[in-house]
Protein chains: 2
Amino acid sequence: MEYPKEAINSVKRHRERGDYSLDTIHGIIQESQLVHVSFIDPKSPFPVVLPMIGTMGSFTDQTASLGDPLDLYLHGYVSHRIMNLSRADSSDEGMPVTVAASHVDGLVLALSAFSHSYNYRSATLFGHATVVEDEAEKLYAMELITNKVVPGRWDHTRLPLTKTEIKSTGILRVKVASGSAKIRDAEPKDERVDMKNEEALDSVWTGVVPIWTAVGEPVPSSYNRVVDVPTHVTQHVQELNATNRRRVEKSHAGK
Amino acid sequence: MEYPKEAINSVKRHRERGDYSLDTIHGIIQESQLVHVSFIDPKSPFPVVLPMIGTMGSFTDQTASLGDPLDLYLHGYVSHRIMNLSRADSSDEGMPVTVAASHVDGLVLALSAFSHSYNYRSATLFGHATVVEDEAEKLYAMELITNKVVPGRWDHTRLPLTKTEIKSTGILRVKVASGSAKIRDAEPKDERVDMKNEEALDSVWTGVVPIWTAVGEPVPSSYNRVVDVPTHVTQHVQELNATNRRRVEKSHAGK
């Protein structure tokens with residue numbers, strides 16, 4: 001399943017790096033600890049950009065997978081500018097937002113400075129944001145967002161949420177209108193003329209320096225009383241490290 | 001030196017996390033492999049957001065340090081939408097852009113789902129972008145950007161740049177109008193009522209899971225002929241790993 005290629009989401013430069021599949025795009029958003037949410041404030045020439053926690057989900061089809069049509073849930077505070085603007089938006093559709101997430105996977109060092117690049121995965125979603133008012137949907141999104149930070153965390157926290165907690169948490173639902181991803185995952189690529197330049201080939205090291213997100217040993221708080229770090233936390237640390245390293249190792253093998 | 005606190009850049013939620021010093025803000029941008037550049041396309045309700053390589057610099061005062069007033073140089077392609085829009089901008093000032101960079105340093109796990117958080121450093125710059133046409137300034141920025149990817153890299157590439165390379169590289173200079181940073185670097189903080197909840201304290205593990213950017217062994221390209229990875233590359237790998245780990249270890253010690 002793909003987002004239709006339209007003017008707004010088409011990758012123009014390096015078209016071959018474009019990817020429109022829901023699975024890829026939603027996956028990149030899902031793997032990002034933070035997304036950058038951008039929207040227009042009619043009173044300012046500068047777009048507002050906020051780092052927020054975002055997670056893909058579907059309240060109406062909770063068994064949907066990453067490749068299915070999904071909404072994006074964003075976490076914020078009710079007093080927040082984005083919440084106010086979204087509430088003030090007179091259209092039924094919601095406030096237009098652009099959501100971006102990017103991961104750098106490698107520094108790509110070529111013969112010429114010009115051909116230097118990154119290996120990266122970046123995704124953009126365009127959609128309309130509205131404030132979630134329904135309590136059941138709000139709780140669904142809060143659980144989803146908490147479990148995005150550490151899978152299974154929700155059930156290991158002090159529950160149930162208090163009325164105040166629910167009231168003072170703001171959740172935005174973004175109905176996705178369009179999206180795209182752009183991915184580079186390859187060795188350096190120099191221009192033909194440089195590939196025949198013996199002096200350059202003999203003197204300039206070319207290759208990829210892999211980069212990934214590493215996760216460390218959990219550090220207990222000053223008021224923590226639970227001696228052993230629980231399994232849902234240690235498992236997440238192991239899995240994140242393994243996944244991130246595997247991607248890096250796989251991506252540069254034999255390319 | 002600080003950016004003046006105005007309506008546009010004031011941190012509203014968690015004011016105590018706001019930081020307006022040029023040194024801090026420029027430093028966060030500088031440590032980001034990518035920044036997200038957002039601007040308004042008059043033909044679309046959605047802001048455009050592009051991941052780009054950005055680096056702080058000053059062509060007129062090349063000895064300036066991170067705490068001094070600086071421009072932001074962005075790397076792109078001349079055919080790029082941002083370049084065209086910036087060229088088409090009729091004002092002398094340039095096209096308004098918002099530039100954001102965020103680093104997650106830790107997953108902050110509290111007693112209540114509500115009090116979960118991240119440790120993070122995020123920075124936003126507001127400014128006006130114009131295309132750099134002067135060849136000397138363009139070369140200055142290209143060297144700066146290449147050396148941002150790996151310090152000292154420029155002098156280890158095939159030089160000089162060809163006329164075509166200079167012509168087909170687009171550089172934007174953003175004159176910074178305002179900026180702010182927001183930083184959380186602490187252990188979890190639960191509400192007073194939870195801190196008295198013996199059952200929660202006895203059953204919920206609380207603490208921080210550190211996260212940082214790790215850099216791996218350089219992987220040579222299929223056409224690389226230089227057997228030993230050069231010092232400027234190995235040094236960068238070591239320094240990035242050391243700096244990133246040190247920050248994480250320092251930040252959670254005794255908090």
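No experiment lies behind these values; they were computed from the predicted model shown. Below, read A as the first sequence line, B as the second, and so on, with proteins coming before strands; counting in each chain starts at 1.
Note: Ala113(A) leads Ala113(A), Pro230(A), Ser203(A) in heavy-atom pairs under 4.5 Å with chain B. Per-residue counts of heavy-atom pairs under 4.5 Å with chain A were compared for His156(B), Met195(B), Glu143(B); the largest is that of Met195(B). Contact count against chain A (heavy-atom pairs under 4.5 Å) is highest for Pro188(B) among Pro51(B), Pro188(B), Ala200(B).
For Tyr118(A) (side chain) and Ile53(B) (main-chain N/O), no donor-acceptor pair under 3.5 Å exists by modelled atom type. Checking side-chain atoms of Tyr120(A) against main-chain N and O of Leu34(B) turns up no donor-acceptor pair under 3.5 Å.
Counting all heavy atoms, side chain and backbone alike, Ser112(B) lies closest to Thr157(A) at C-CB, 4.3 Å. Phe39(B) approaches Pro47(A) most closely through the heavy-atom pair CA-CG, 3.6 Å. Here the closest heavy-atom approach between residue Thr206(B) and residue Tyr223(A) is recorded as OG1-CE1, 3.7 Å.
Side chains of Pro220(B) and Trp205(A) form a contact here, defined as non-hydrogen atoms less than 4.5 Å apart. In this structure, Pro210(A) and Val219(B) have side chains that are in contact, with non-hydrogen atoms separated by less than 4.5 Å. Annotation: side chain of Thr98(A) is not in contact with side chain of Val48(B) (no heavy-atom distance under 4.5 Å). Put simply, the side chain of Pro218(B) does not reach to within 4.5 Å of the side chain of Val208(A), judged on heavy atoms. With contacts defined as side-chain heavy-atom distances shorter than 4.5 Å, the pair Phe46(A)/Ser178(B) does not qualify. Between Val209(B) and Val237(A), some side-chain heavy-atom pair lies under the 4.5 Å cut-off.
For Ser122(B), the part lying under 4.5 angstrom from a heavy atom of chain A is the side chain only. The part of His36(A) that comes within reach of chain B is its side chain, from C-beta onward, which places non-hydrogen atoms under 4.5 angstrom from that chain.
Taking the charged nitrogens against the carboxylate oxygens, Arg158(A) and Glu191(B) have no contact shorter than 4.0 Å, which rules out a salt bridge.
Contacts with chain A (heavy atom to heavy atom, under 4.5 Å) involve these residues of residues 146-153 of chain B, listed by number: Thr146(B), Val149(B), Val150(B), Arg153(B).
More than 12 heavy atoms of other residues, nucleotides or ligands shown are found within 6.0 angstrom of CD on Glu198(B).
By the salt bridge (Lys or Arg N to Asp or Glu O under 4.0 Å) test, Glu6(B) pairs with no residue at all, sequence neighbours left out.
The distance from atom CD1 of Ile40(A) to atom OG of Ser38(B), rounded to the nearest 0.5 Å, is 8.0 Å.
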